[in-house]
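Throughout, protein chains are lettered first and strands after them, A, B, ... in sequence-line order, and every chain is numbered starting at 1.
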2 protein chains.
Amino acid sequence: MSRCSMVRHAGGTRRRLQALSRERIIEASIDLLDSSGEDGLTFRALSERLSTGPGAIYGHIPNKSELLIAACDSIVARALNVSSAGATPEATIRGLALRLFDTIDAHPWVGSALSRAPGRLPMVRILESIARPVCALGVPDEEQWATVGALLNYILGVGGKNAANGQLARTLGLDRSDFLGSVSAAWSELDPAEYPFTQSVAGQLLTHDDRADFLAGIDLILRGIDSSRRSRAAKAGASRR
Amino acid sequence: MSRCSMVRHAGGTRRRLQALSRERIIEASIDLLDSSGEDGLTFRALSERLSTGPGAIYGHIPNKSELLIAACDSIVARALNVSSAGATPEATIRGLALRLFDTIDAHPWVGSALSRAPGRLPMVRILESIARPVCALGVPDEEQWATVGALLNYILGVGGKNAANGQLARTLGLDRSDFLGSVSAAWSELDPAEYPFTQSVAGQLLTHDDRADFLAGIDLILRGIDSSRRSRAAKAGASRR
DNA sequence: GCGCCGATGGAACGTCGTTCCAATGTATTG
DNA sequence: CAATACATTGGAACGACGTTCCATCGGCGC
C-alpha cells in the first residue's frame, strides 16, 4: 500500500501516518462500546475499525481487561474534568453525582467496567473527587471512609442499575420504556402477599423521574452527614461549658 | 452403564436415579462458582460434574445467564430466609445488611450476578426485604423509593466491591491481604498533590475492619432517614398549632 | 413384549481472547 | 546511497467458550 509514508515527529518515535497508538486504540474502543454495547468490544471488530489485525493491538495494550479499564478511565477523566470553584460542598457533591449519573447513562458500559476494576485509576479518580467536598464538609477523619463509601456506592449503584437496564433492553431489542414496561408488568404479576412493596412501585416504574429520584437519595445521605455534624457540634458545646 | 435404574416417584415424572433436574444443576453450579470463581461456571465443567454432556443441561435451563440468575436467587433466598420478629426496624435493617454483606463475602460471584440482573427475582427479594423495615420506620410513600434505593445500592455496592477485591485477588493468585497490600502500595505511589485523600487512606486499607466500616455507612443512611422524619414531624407540629 | 417419545450426551459450529511468526517498513550503519 | 538491524504489523492458528443439533437410549403406555 503506497498510502503509507514516513513522517518526522518531534519525539521521533512515530513511524507512519495513522500509526497505531494507545490513544487511537482507546478512542476506537470507546466508539465501539458506545455504538454496540459491552459485547461490541472485540479485538476483531476493533482491528477491523483500525484497519489492522488483532495481533497488532497487543503491542500497545496488554489485554482486553486493561483496554476496558483504559477506555473507562478516559471517559471518567473527561467527566470529572470540571471545576466547581465557589460552590458549597453540598452543591459540589450534587453536581458531581449528577455528572457521573449522566456519564454512565450516556456510556452504560462504564458502570460495569468500574465495578470490575476496584482500586484502579478510574475508581481512584472518582473516590478523590467525592472525598474533596466531603472533607470540606468537616467530616472527621474516622468517618470519612464510611461517608465517601456511602456516596460512592450509591452513585455508582444507581448509575449502574440504570445502565444495566439500558444494556439489557438493547440486548432484548427493546427500547428503554418498552423494557421498563415489561419489568413493570412482571412485577405486577407477583404475589401481593409476598411482594407488597415491589407490587406497589411497579406502576411508578414507568412514570418516575430517574434523575429526581437519584438526587433524592443523594440528599438523604447528605442529611445523614449533616445530622452527624450537628450531634457532634452539640456534644462539643456541652462538654465545653 | 448399569448403575442407572428406574425409580418410582410420587409425582411420577422422574425417570432415573440421579436424574438431571433444575435443582441438581443449580446446586452443582453453586459448588462450581464457589470453588472456581465466576469464570469457573462452564457448561463443560458443569456437565462433567453432573456426568452428562453440555447439551443435556439445556433441557432444564434456557441459557447461561438464566443459570447464573437461578444460582444467585438460590443463595439470596437462603440468606433472606431469616425471621427478624420483635426487632426494631433499625435493627432489622442492620441485621439484613450484615447478612447480605456476609453472603456476598462468602459467594463473591453473587455480587456481580445481582448487578447483571436488575429487576429479576433475586433483586426483587432483596428490594422487598429492605422495603419492609423502611416502611415500618414511617418513611412516607414519596420518599420510599429513594430511601430503599440508597440502602440497596449501598449494601450491594460495598458488598460487590469487597467481592470484586476477592475475585481479582484469586485471579492474580494472591490471597486477600496480599492483594490489598498491592493496592495500598499502588495508592501510596500516587501523586499526593493530585490524590491526597486516596494517599491518606492507603495505609488504612490494610488495617481497617470492612464490616465495621460497612455498618458505619448503614448508620449514616439511617441517620439521614431519621433526620427526615424529625423535620417532617416538626413541620407537622408547627402547622397544627 | 413392543414401540413411542421425551430425555440425554457427545459431536460440531461459530466466535471469542490470545499467541505466534513471517513479512513489512523504518532507522542506523558502512 | 546501499545494506543491515530491528521494532511494528497483521493474519493465521490455538484452545475454550456458549449454543445447537441429532443419533441414541431408557421408561412408560398399549
Side-chain angles (χ1 to χ4, degrees), chain A residues 1-26 28-29 32-33 36-71 109 113 116 171-172, chain B residues 1-25 28-29 32-33 36-71 109 113 116 171:
Chain A
M1 304 301 162
S2 61
R3 65 182 155 81
C4 287
S5 64
M6 74 190 74
V7 55
R8 290 234 155 261
H9 193 271
T13 63
R14 290 226 186 129
R15 312 289 173 85
R16 312 174 183 184
L17 263 168
Q18 291 268 84
L20 225 45
S21 72
R22 194 180 148 90
E23 289 72 30
R24 252 173 43 87
I25 292 174
I26 290 173
S29 300
L32 222 40
L33 286 162
S36 318
E38 203 162 353
D39 300 334
L41 179 59
T42 286
F43 275 84
R44 282 173 236 276
L46 190 56
S47 62
E48 190 180 354
R49 190 171 279 229
L50 292 167
S51 314
T52 180
I57 296 169
Y58 283 85
H60 304 264
I61 301 278
N63 54 53
K64 184 173 182 178
S65 167
E66 293 297 321
L67 175 58
L68 195 63
I69 292 175
W109 50 272
R116 250 172 285 164
T171 302
L172 270 56
Chain B
M1 301 301 162
S2 61
R3 65 183 154 79
C4 289
S5 64
M6 72 190 76
V7 57
R8 291 236 156 258
H9 193 269
T13 63
R14 290 223 186 132
R15 310 290 174 85
R16 313 175 183 185
L17 262 169
Q18 292 271 84
L20 224 44
S21 73
R22 195 180 147 89
E23 289 72 30
R24 251 175 41 89
I25 293 174
S29 299
L32 222 40
L33 286 161
S36 317
E38 204 162 352
D39 301 333
L41 181 59
T42 287
F43 276 84
R44 283 174 234 276
L46 190 56
S47 62
E48 191 179 354
R49 189 171 280 229
L50 292 167
S51 313
T52 180
I57 297 169
Y58 283 85
H60 305 265
I61 302 278
N63 54 52
K64 183 172 180 176
S65 167
E66 293 298 321
L67 175 58
L68 195 63
I69 292 175
W109 50 273
R116 251 172 283 164
T171 303

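- Here the side chain of B/Arg49 pairs no donor or acceptor atom with the backbone of B/Ala28 at under 3.5 angstrom.
- The residue A/Gly55 sits close to a base: some heavy atom pair falls under 4.0 Å.
- Salt bridge B/Lys64/B/Glu38: absent, no basic N to carboxylate O contact under 4.0 Å.
- Side-chain atoms of A/Leu68 and A/Leu33, non-hydrogen and from C-beta on, do get closer than 4.5 Å to each other.
- Following rounding to the nearest Å, A/Ile57 (CD1) and D/dG11 (C1') show an atom-to-atom distance of 12 Å.
- In this structure, A/Glu66 atom CD and C/dT18 atom P are separated by 10 Å, rounded to whole Å.
- Residues A/Asn63 and B/Gly59 both approach DNA chain C. Their nearest nucleotides, taken by heavy-atom distance, put B/Gly59 toward the 5′ side.
- For B/Leu20, the listed nucleotide lying nearest its side chain is C/dG9; candidates were C/dG9, C/dC16, C/dG10.
- Rounded to whole Å, the distance from CD1 on A/Ile61 to P on C/dT19 is 14 Å.
- With sequence neighbours excluded, the residues that form a salt bridge (Lys or Arg N to Asp or Glu O under 4.0 Å) with A/Glu66 are A/Arg120.
- Annotation: proximity of residues 38-50 of chain A to DNA chain D (heavy atom, distance under 4.0 Å) is found for A/Arg44, numbered in ascending order.
- Across the interface with DNA chain D, nearest-nucleotide mapping of A/Thr52 and B/Pro62 shows A/Thr52 to be the residue nearer the 5′ end.
- With a 6.0 Å radius and a threshold of 12 heavy atoms from other residues, nucleotides or ligands, B/Asn63 has its CG atom above the threshold.
- Put simply, CD1 on A/Ile25 is 11 Å from P on D/dG10, counting in whole angstrom units.
- Regarding contacts with the backbone of D/dT8, every side-chain N or O of A/His60 stays at 4.0 angstrom or more from both OP1 and OP2.
- Taking both residues in full, the closest heavy atoms of B/Ser29 and B/Leu67 are given as OG-CD1, 3.3 Å, listed atom of the first, atom of the second, then distance.
- A/Asp39 CG to A/Trp109 CH2: the interatomic distance, rounded to the nearest 0.5 Å, is 14.0 Å.
- Distance from the side chain of A/Tyr58 is smallest for C/dT18 among the nucleotides D/dT19, C/dG9, C/dT18.
- Nucleotide D/dA16 holds its C1' atom 11 Å from the NZ atom of B/Lys64, rounded to whole Å.
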